[in-house]
Amino acid sequence: MIDHRCRTVVVGAGVAGCALASRISRTDEVVLIEAGPRVGGAEVPVDVHAALTTPGLRWPGVSARRVAGGPMVEYPMARGVGGGSLVNGLVVDRAVEPLVAEEVGSSEFGPVDRALVAGLGARPVRLSRRRGARYAVSEADLGRVDLRAGAFVRGVVTEESRVAGVEIDSDGGGTVVEADRVVLAAGAFGSPRLLQAARLGGPTVGFGLQDHPSVVVPLAGTGAFDGLVSGAVARFNGVEVLALNRLPDGQSGIAVALLDPASRGRVTADEIDLNLLDDDTDDLARLTAGVISVLERLGDALRTEDLTIGDAVPPRGDPAAVSEWVWSEVANSAPAYTHAAASCSVGVVDARHRVGGVDGLFVVDASTLPAVPTGSSMTAIIDQVELVARGWSSR
Ligand SMILES: Cc1cc2nc3c(=O)[nH]c(=O)nc-3n(C[C@H](O)[C@H](O)[C@H](O)COP(=O)(O)OP(=O)(O)OC[C@H]3O[C@@H](n4cnc5c(N)ncnc54)[C@H](O)[C@@H]3O)c2cc1C
């Protein structure tokens, strides 16, 4: 069956896909195809834990090997119009259209925020929320976009060395949506896998994958807190330290993440291998040093809030034990930071984001960032979309 002809098909209505489709639709015809549902961002709680358990907004069964030799651990991967911005922490560096940036007020701080401000000079985070509600990237102007939610793209269709469209699942088979230009925006796992399935993009597709190695230092002593999960963040010595006033189990903690890891992993059809602590890098040593300095600097400020470091964390005076604990947490625990990126960063696209060897095929999303961003991923991705779209329109 042949569907209608269009100029551009964007695959995946996530952070990149919504922003890009909106931008292109000012001048061109665009079809935006998303496997997940269309849900208003404001219908999803701001609270990241509650958002992640909203039915239908996560791909089932996604897991990743976090360190070489470690187990597969569940990895939250969003689906739906808005992609990651439907379920994520909403932290942005600044307002980047369509997202907004509202600084958290100190009256909203929870106990861990206050401890981080007092002990580490942490600053309030900026959230993409409006009137207390989640403000997702699906707020982009999609009025001129032919949006098809609930449609899974099976593959890219090519004719000789040109892209011809994409094939979507439909009753009893596939439907081809024809296009002059196809842009993959299916995220750090989805885009390389679509290229691999079509044998496009060369042998390095999937290589270069990065995420932030991170741990949650558990805290004891807090009572139930029902305010913001995270209101304050600090950065020093190459780590980001984020308050977690509430964890899914009702406890609290402090997330410590390495901002600029050197480790690189790989996405294949069968496995996501994050390789977060490559032995050939000093990522484990740097993350351990960050954790130790958090333990050293926070003691008094935590006591003021009646908080203490959880028993599971070795004493800071025993760096070898802290390093072992950090490795084990990174390897085995559900991730504190989930900013997978850069899996199409190694020789897959050129400066205009064209995929080599096939005319009319592009990739623009977290996978084409050169590395995992040191700031907000959403800000970096939307900046990238704007740059690429400007380059295309100046041809
Ligand atoms: C729990 C969590 C917390 C986070 N917190 C923050 C934060 O506070 N701040 C921040 O800046 N970033 C945060 N991030 C990261 C951020 O959300 C991602 O970096 C961003 O969403 C990636 O954008 P993307 O466009 O590359 O992919 P996505 O936003 O993931 O979009 C990809 C879309 O493609 C769709 N898709 C995939 N395959 C197909 C297919 N075959 N057919 C059709 N559709 C398909 C998916 O359903 C999805 O909607 C967080 C992420 C998570 C999971």
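Each ligand, and each atom within it, is numbered from 1 in the order the structure gives. Along the sequence shown, the residues carry numbers beginning at 1.
- Listed by number with element, the atoms of ligand 1 under 4.0 Å from a non-hydrogen atom of P76 are 53 (C).
- We find that R94 and D383 are joined by a salt bridge, their nearest charged nitrogen and carboxylate oxygen being less than 4.0 Å apart.
- Considering all non-hydrogen atoms of both residues, A188 and V267 come closest at O-CG2, 3.8 Å.
- Given atom 53 (C) of ligand 1, the protein heavy atom at minimum distance is T338 OG1, 3.4 Å.
- For ligand 1, none of its N or O atoms has an N or O atom of D365 under 3.5 Å away.
- Distances from atom 42 (N) of ligand 1 to the heavy atoms of V153, L20, V11 put V153 nearest.
- Of the options G187, P373, S367, G14, the smallest heavy-atom separation from atom 27 (O) of ligand 1 is shown by G187.
- Between R148 and D146, at least one side-chain N (NZ, or NE/NH1/NH2) sits under 4.0 Å from a carboxylate O, which counts as a salt bridge.
- Salt bridge annotation for R162-E178: absent, with no cationic side-chain nitrogen under 4.0 angstrom from a carboxylate oxygen.
- A salt bridge between R246 and D47 is present, with a side-chain N of the basic residue lying under 4.0 Å from a carboxylate O of the acidic one.
- Within ligand 1, the atoms closer than 4.0 Å to a non-hydrogen atom of A35 are 43 (C), 44 (N), numbered from 1 in the order shown.
- Listed by atom number, the atoms of ligand 1 under 4.0 Å from A16 heavy atoms are 25 (O).
- Centroid-to-centroid, the aromatic rings of F362 and W392 come within less than 6.0 Å.
- Only the side chain of I381 comes within 4.0 Å of ligand 1, judged by heavy-atom distances.
- In terms of polar-atom proximity, defined here as any N/O pair under 3.5 Å, G80 does make such a contact with ligand 1.
- By the criterion of a heavy-atom distance under 4.0 Å, neither the backbone nor the side chain of A340 is placed next to ligand 1.
- The residue Y337 has no part lying near ligand 1, judged by heavy-atom distances below 4.0 Å.
- For the pair D273 and R266, the salt-bridge criterion is not met [side-chain N within less than 4.0 Å of a carboxylate O].
- Using a 4.0 Å cut-off between heavy atoms, L52 contacts ligand 1 through its side chain alone, with no backbone atom that close.
- A salt bridge is absent between R130 and E102: the closest approach of a Lys/Arg side-chain nitrogen to an acidic carboxylate oxygen does not fall below 4.0 angstrom.
- Contact annotation for A341 and ligand 1: no heavy atom of the residue comes within less than 4.0 Å of the ligand.
- Nearest to atom 29 (O) of ligand 1 by heavy-atom distance, out of A19, S343, G84, G12, is G84.
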